[in-house]
**Q** 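This is the structure I have questions about; it appears just below.
We count ligands from 1, going down the list as the structure has it; atoms in each ligand are counted the same way. Values reported hereafter were calculated over all heavy atoms of this structure, with side chains retained and with hydrogens, waters and symmetry mates removed.
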Amino acid sequence: MTSGVGMVQMPPGWILGHEFAGEVVALGAGVENRRVGERVAALAVYACGTCPACLEGQPQWCTGSARIGFSGAYAEYAVASARAVVPIPDSLSWDDGAIVEPLAVGLHGVHLAHLTPGAKVLVVGAGPIGLGAVYFARRMGATTVVVQATSRRRERLALEMGATAFIAPQEDPVGAAIQAVGGQPDVVFEAAGVPGALAQALDTVRPRGTVVELGWCAVDDMLIPALALMKELRLQFSMTYRIADFEHVIDVMARGGANKLRTIVTETVSFEALPNVFDALRGPSTHCKVLIDPRALA
Ligand SMILES: [Zn+2]
């Protein structure tokens with residue numbers, strides 16, 4: 001059996017951390033579009049800044065010397081690509097800046113869904129990406145947004161982010177979702193990323209509906225293409241974000257959205273506390289997004 005897992009393994013010594021904000025303390029040679037002292041949120045990509053994709057504001061498709069996952073923000077200092085950072089206003093906190101990245105992932109998925117006003121939506125998975133999709137789906141006209149998870153631990157978070165209902169069925173997840181939505185959903189956002197989730201989404205969505213795949217499933221999975229064909233479904237994979245998605249998240253936050261969006265942050269910890277937090281996150285947890293403050297003491 002083959003799988004894509006190998007491509008997502010980081011080499012030894014790799015510094016984790018791709019969701020972050022910080023103050024510009026130094027500029028690389030030739031950088032003219034940024035200034036020292038600026039507060040910025042960084043995309044998790046290195047971009048050349050000159051290829052057609054970069055010039056379109058889509059550095060995730062850079063055909064120059066692009067590197068996805070580039071960052072290493074579990075540190076006091078990190079390197080960011082000057083062409084892939086977006087200024088944040090003083091009204092936003094560092095915490096706000098650090099969650100722009102995952103929220104932009106959710107927004108990008110919603111952007112690709114082409115929602116119509118009044119749409120009925122199902123979001124599978126209640127992590128930061130799923131909850132970001134909830135928030136932006138509501139803003140973009142969905143009137144019904146049901147969140148489906150495997151437990152009720154994040155029910156309160158989902159409802160605060162704009163979900164109209166939350167379900168955690170123990171059996172018949174497809175039937176339970178259709179009942180909660182009030183019919184087959186027009187769009188399903190799959191943000192669980194576990195084997196079987198995509199097939200379930202294709203089964204749940206209405207004929208000629210749309211499934212947006214936001215989940216990261218890096219092992220072999222199975223679905224029956226004929227079932228999707230019989231419903232003439234649109235299956236849209238969503239990969240990170242555009243510069244415009246970052247800018248829109250920051251704009252929404254600055255116009256008052258930050259209070260609600262920072263709901264996904266359930267704790268901010270020090271580096272010293274981080275190993276224990278990672279251990280806690282291996283099991284069932286009420287956490288959603290845990291942030292690291294490099295200045296915090298244990
Ligand atoms: Zn480029």
Side-chain angles (χ1 to χ4, degrees), residues 4-75 77-89 92 94 96-114 128-129 132-133 136 191 193 212-218 235-254:
V5 173
M7 75 179 195
V8 300
Q9 287 179 336
M10 299 307 184
W14 184 274
I15 302 173
L16 298 173
H18 66 275
E19 303 172 358
F20 67 109
E23 178 185 343
V24 177
V25 295
L27 299 174
V31 173
E32 295 178 348
N33 66 327
R34 302 268 66 98
R35 60 176 173 77
V36 170
E38 216 170 11
R39 304 170 79 241
V40 297
L43 285 72
V45 297
Y46 174 84
C48 78
T50 56
C51 74
C54 280
L55 293 174
E56 272 181 11
Q58 306 208 57
Q60 76 274 36
W61 304 120
C62 175
T63 53
S65 45
R67 277 176 283 159
I68 299 287
F70 168 87
S71 301
Y74 282 15
Y77 297 91
V79 179
S81 173
R83 302 289 181 177
V85 295
V86 178
I88 56 174
L92 297 185
W94 291 123
D96 296 335
I99 58 172
V100 171
E101 203 269 5
L103 291 169
V105 173
L107 168 62
H108 190 58
V110 173
H111 167 73
L112 292 173
H114 303 301
I129 305 301
F136 287 107
V212 176
E213 178 58 273
L214 284 158
W216 179 265
C217 179
L235 174 54
Q236 173 73 59
F237 290 83
S238 182
M239 166 65 182
T240 63
Y241 30 67
R242 307 162 298 162
I243 290 272
D245 296 314
F246 253 62
E247 291 172 338
H248 186 65
V249 170
I250 292 168
D251 187 58
V252 167
M253 285 181 140

**Q** Rounded to the nearest 0.5 Å, how far apart are CZ of Arg83 and OG1 of Thr50?
**A**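 Output value for this atom pair is 8.0 Å.
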**Q** Would the distance check show the side chain of Asp245 and the main-chain N or O of Val105 forming a donor-acceptor pair, the cut-off being under 3.5 Å?
**A**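 Not confirmed, Asp245 side chain does not pair with Val105 backbone.
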**Q** Can you list the protein N, O or S atoms less than 2.8 Å from the Zn ion (ligand 1)?
**A**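 Listed by chain and number, the atoms are Cys48 SG, Cys51 SG, Cys54 SG, Cys62 SG.
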**Q** To the closest 0.5 Å, what do you measure between CD1 (Ile99) and CD (Glu19)?
**A**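 One finds 9.5 Å between CD1 of Ile99 and CD of Glu19.
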**Q** Check whether any side-chain heavy atom of Phe136 sits under 4.5 Å from a side-chain heavy atom of Val249, and report yes or no.
**A**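 When only atoms from C-beta onward are counted, Val249 and Phe136 do touch, with a gap below 4.5 Å.
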**Q** Working note: Phe237 + Val212, criterion side chain to side chain contact (heavy atoms under 4.5 Å, CB included); need CA distance, chi angles, decisive distance, verdict.
**A** CA-CA 6 Å; Phe237 290 83; Val212 176; over 6 Å; no
**Q** What pairs of donor and acceptor atoms, side-chain ones from residues 34-45 against any protein atom, are under 3.5 angstrom apart with sequence neighbours left out?
**A**
{"residue": "Arg34", "atom": "NE", "partner": "Glu38", "partner atom": "OE1", "Å": "2.9"}
{"residue": "Arg34", "atom": "NH2", "partner": "Glu38", "partner atom": "OE2", "Å": "3.3"}
{"residue": "Glu38", "atom": "OE1", "partner": "Arg35", "partner atom": "N", "Å": "3.1"}
{"residue": "Arg39", "atom": "NH1", "partner": "Pro89", "partner atom": "O", "Å": "2.9"}
{"residue": "Arg39", "atom": "NH1", "partner": "Leu92", "partner atom": "O", "Å": "3.0"}
{"residue": "Arg39", "atom": "NH2", "partner": "Leu92", "partner atom": "O", "Å": "2.9"}

